[in-house]
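Please read the structure below before turning to the comments.
The first residue of the sequence shown is numbered 1, and numbering continues consecutively from there.
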Amino acid sequence: MIRLLKQMKLREVILAAVCAVLVLGQIYFDLKLPDYMSNLTVILQTPGSTTSDVWRVGGEMLLCALGSMALSVICGYLAAKVAAGFSYTLRERIFGTVSSFDQQEMLDFSVPSLITRTTNDVTQIQMLIAMGLQLLVKSPIMAVWAVIKIIGKSWELSLVTAAFIAVLLIIMAVIMVVLIPRFKRVQRQIDVINRITRENLTGIKVVHAFNAEQYQCDKFKTANDNLTKTQLFNQRTMAVLMPVMTLAMNGLALAIYWIGAALINNIPSANMADRLTLFSDVVVFSTYATYVIMSLMMLVMIFMMLPAAQVSADRINEVLNTKSKIKEGSMTDGPETGTVEFKNVSFRYPSSEHDVLHNISFKVNKGETIAFIGATGSAKTTLVSLAARLYDTTDGEVLIDGINIKDYTFDALYDKIGYITQRAVLFSGTVRDNINFGESSAPVSDDNTWRALDIAQATDFVEKMPGGIDAEIAQGGTNVSGGQKQRLSIARALARQPEILIFDDSFSALDYKTDAKLRAELNRQLKGTTLMIVAQRIGTIRHADKIVVLDNGKAVGIGTHDELIQNCDVYKEIAMSQLSPEELGA
């Protein structure tokens with residue numbers, strides 16, 4: 001928690017310091033009231049005292065109470081401002097850190113967990129700061145100050161007060177030891193709830209299609225029951241504290257008055273002045289002892305939040321302290337243009353014991369088209385992911401424009417590449433926002449946007465949408481079809497005007513006619529652009545300058561369509577499963 005609070009901005013630190021000073025003033029006013037009560041008791045018992053004396057002391061007590069209230073209101077406002085500002089900064093830093101993660105870090109944390117850490121965990125910290133900034137300062141200082149005030153007044157009463165405080169502290173410590181591990185479990189169970197909910201909402205069509213509503217409900221019910229049981233145990237255990245504290249406060253007051261009455265009774269009746277002094281001390285002692293218990297009650301309120309907040313702080317620190325393993329270099333350009341070369345590249349996922357790519361080597365020059373084909377699971381997507389540097393190679397190197405991609409700055413590398421993922425992704429906003437997404441050296445203009453849409457064969461349906469390129473796209477692109485979504489994703493990459501275009505099975509949702517038109521436009525308008533295409537259809541790649549055939553992560557054939565038909569059995573088998581002998585002969 002302390003390590004997390006060190007990230008607080010200077011402005012928030014200053015406001016927190018001001019709040020702490022105001023709390024000290026509030027404590028001063030609160031602890032002055034028992035002294036006025038003592039004076040008032042003496043005045044009432046003193047012969048010859050007047051009503052004006054009572055009004056004067058009462059007025060001073062009222063001013064103290066109003067001063068304490070005013071400081072409390074101001075302090076509450078500042079504490080809320082500090083908490084909101086810090087949570088704003090925290091969410092911003094978490095989001096920025098997660099945005100820099102590579103694929104491996106995303107897999108390590110999981111999307112539902114990262115969402116929980118950015119929302120629920122930050123809220124836990126915010127609530128603790130908003131309350132704790134007042135109570136964590138006020139309760140210990142008030143308790144110590146009150147103890148100092150009552151020390152020396154009566155060792156009997158001091159001993160009773162100390163005994164009550166010791167018992168309460170032991171009870172609080174035991175409860176905290178029991179609950180802290182269970183609060184960690186709660187956060188993990190919230191992650192599970194988020195994951196199941198997200199899966200259900202994302203795959204709602206599949207759930208309906210397979211009549212799996214009850215199965216999903218049962219799965220959610222199991223996770224929900226586990227979370228509820230854990231929360232009930234935590235809250236029931238915490239619920240013990242408040243009654244115990246109230247009982248202790250009332251019991252301590254009763255014990256002080258009982259012992260005080262016995263002490264006063266032991267003083268001879270002739271010594272009325274001593275009796276009056278002791279009575280005044282008992283009244284003051286009772287009030288200060290009540291303040292001590294109230295301070296502990298305030299600490300209990302914080303301790304009810306502290307375990308969950310501490311777990312949340314650890315989870316947030318875990319994200320903030322995770323550094324992406326992919327580091328950028330300093331190069332911005334290379335000696336060549338539009339070339340991609342793999343030199344003896346092998347790759348394995350960090351969680352795997354075996355390579356998924358084995359000793360891959362090839363080179364494609366500017367303006368050429370290289371295609372990758374193979375059975376499902378032959379690591380085609382993994383290979384082009386290495387070219388886009390979504391992962392780093394295990395062995396060998398990937399060169400773009402004659403320079404190892406590890407030596408490029410991220411801005412320079414991704415300015416050279418237009419990457420269309422296997423799963424088309426659109427963001428909420430307009431068509432224009434999605435096409436001009438991100439930063440590149442290409443000009444942002446309507447002409448460039450319509451050019452990209454035209455090449456991607458998306459102009460016809462975009463023009464029919466209400467608003468044209470200003471038409472709204474729903475979150476995830478749910479208001480357009482799969483083929484339209486894919487064409488918009490292609491247009492987004494084309495609008496960057498990159499040297500190299502990577503299509504990761506990006507024509508799968510297109511019909512053959514649209515596929516052919518799109519490839520024809522690519523060849524006509526992007527003659528100087530290097531194309532890397534992952535495809536399942538022979539018809540999509542048969543005219544490529546070079547085709548790489550993958551089988552279990554190995555390049556079993558590299559060449560043109562005609563060459564591979566003659567000398568690569570794997571390619572020939574794929575081709576014959578899709579095309580007739582006459583088409584192959586043609």
Side-chain angles (χ1 to χ4, degrees), residues 94-95 98-99 101-121 186-228 315 319 349 351-352 356 375-382 384-385 388 390-391 419-429 431 433-434 437 458 461 465 471-490 492-493 503-511 534-537:
I94 294 172
F95 190 87
V98 172
S99 297
F101 282 175
D102 59 35
Q103 297 297 307
Q104 185 55 43
E105 278 81 46
M106 294 298 294
L107 291 174
D108 289 342
F109 283 105
S110 83
V111 172
S113 178
L114 289 172
I115 291 173
T116 305
R117 294 169 199 243
T118 310
T119 53
N120 180 269
D121 287 338
V186 165
Q187 297 305 105
R188 290 194 296 267
Q189 288 170 340
I190 291 175
D191 288 347
V192 174
I193 291 282
N194 279 345
R195 176 179 58 78
I196 295 173
T197 304
R198 189 170 180 270
E199 286 178 349
N200 189 67
L201 295 176
T202 304
I204 193 69
K205 293 180 181 178
V206 177
V207 173
H208 290 326
F210 284 84
N211 196 26
E213 291 90 346
Q214 189 58 47
Y215 172 77
Q216 286 295 95
C217 287
D218 291 342
K219 187 163 67 171
F220 183 84
K221 183 178 183 300
T222 301
N224 199 21
D225 287 345
N226 291 336
L227 176 60
T228 302
R315 285 160 54 88
V319 173
Y349 290 101
S351 57
S352 175
V356 294
T376 301
S378 56
K380 304 182 295 297
T381 294
T382 302
V384 294
S385 296
L390 301 183
Y391 300 97
Y419 183 58
I420 303 97
T421 56
Q422 191 172 22
R423 176 174 172 266
V425 176
L426 295 180
F427 299 90
S428 56
V431 173
D433 295 335
N434 275 277
F437 185 77
F461 75 84
M465 297 175 73
E472 288 294 323
I473 298 293
Q475 183 180 1
T478 54
N479 61 334
V480 293
S481 69
Q484 291 171 340
K485 189 187 299 185
Q486 205 162 61
R487 281 179 279 173
L488 289 175
S489 296
I490 293 171
R492 179 170 57 206
F503 297 89
D504 184 6
D505 201 11
S506 307
F507 307 106
S508 58
L510 306 182
D511 59 79
V534 172
Q536 300 288 351
R537 299 175 185 168

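Listed here is the closest heavy atom pair of Ala493 and Tyr419: CB-N, 4.3 Å.
Under a 3.5 Å cut-off, the side chain of Arg117 and the backbone N or O of Arg315 do form a donor-acceptor pair. In this structure, the side chain of Ser506 engages the main chain of Ile420 through a donor-acceptor pair within 3.5 Å. Side-chain atoms of Lys380 come within 3.5 Å of backbone atoms of Ala375 as a donor-acceptor pair (strictly under, hydrogens ignored). With Asn479 contributing its side chain and Ala474 its backbone, the two residues share a donor-acceptor pair below 3.5 Å.
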Task: Stepwise side-chain contact (heavy atoms from CB on, under 4.5 Å) check, Val98 with Phe109 - done: CA-CA 10 Å; Val98 172; Phe109 283 105; over 6 Å; no
TODO: List the steps and the verdict of side-chain hydrogen bond (donor to acceptor under 3.5 Å, both in side chains) for Gln216 and Asn200.
DONE: CA-CA 7 Å; Gln216 286 295 95; Asn200 189 67; 3.2 Å; yes
Open item on the list: Applying side-chain contact (heavy atoms from CB on, under 4.5 Å) to Met106 and Leu114, what does each step give before you reach the verdict?
Closed with: CA-CA 9 Å; Met106 294 298 294; Leu114 289 172; 3.9 Å; yes
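Separation of atoms OG1 (Thr222) and CD1 (Ile196) is listed at 7.5 Å; rounding is to 0.5 Å. With values rounded to the nearest 0.5 angstrom, Ile115 atom CD1 is found 10.5 Å from Thr197 atom OG1. From Glu199, atom CD reaches atom CD1 of Ile204 across 12.5 Å, with rounding to the nearest 0.5 Å. Note that CD of Gln486 and CZ of Phe503 are 10.5 Å apart. Values are rounded to the nearest 0.5 Å. Within the model, atoms OG1 of Thr116 and CG of Asp191 stand 4.0 Å from one another, a figure rounded to the nearest 0.5 Å. With rounding to the nearest 0.5 angstrom, the CG atom of Asp218 is 12.5 Å from the CG atom of Asn224.
Contact annotation: the side chain of Leu426 approaches that of Ser489 to within less than 4.5 Å [non-hydrogen atoms, C-beta and beyond]. By the 4.5 Å heavy-atom criterion applied to side chains, Leu488 and Ile473 are counted as neighbours. Side-chain contact between Thr381 and Asp505 is absent, with no heavy atoms from C-beta onward closer than 4.5 Å. Looking only at side-chain heavy atoms (C-beta outward), Asp504 and Arg423 stay at 4.5 Å or farther from each other.
Ring orientation note: the planes of Phe427 and Phe437 are close to parallel, at an angle under 30° on the 30°/60° scale.
Residues Tyr215 and Phe210 keep their aromatic ring centres 6.0 Å or farther apart.
Asp225 has a carboxylate O that lies under 4.0 Å from a charged side-chain N of Lys221, or vice versa, which qualifies the two as a salt bridge.
Judged by distance alone, the side chains of Thr382 and Tyr391 never bring a donor and an acceptor atom under 3.5 Å apart.
Residues forming a side-chain contact (heavy atoms from CB on, under 4.5 Å) with Gln475 (at least two apart in sequence, or on another chain): Ser428.
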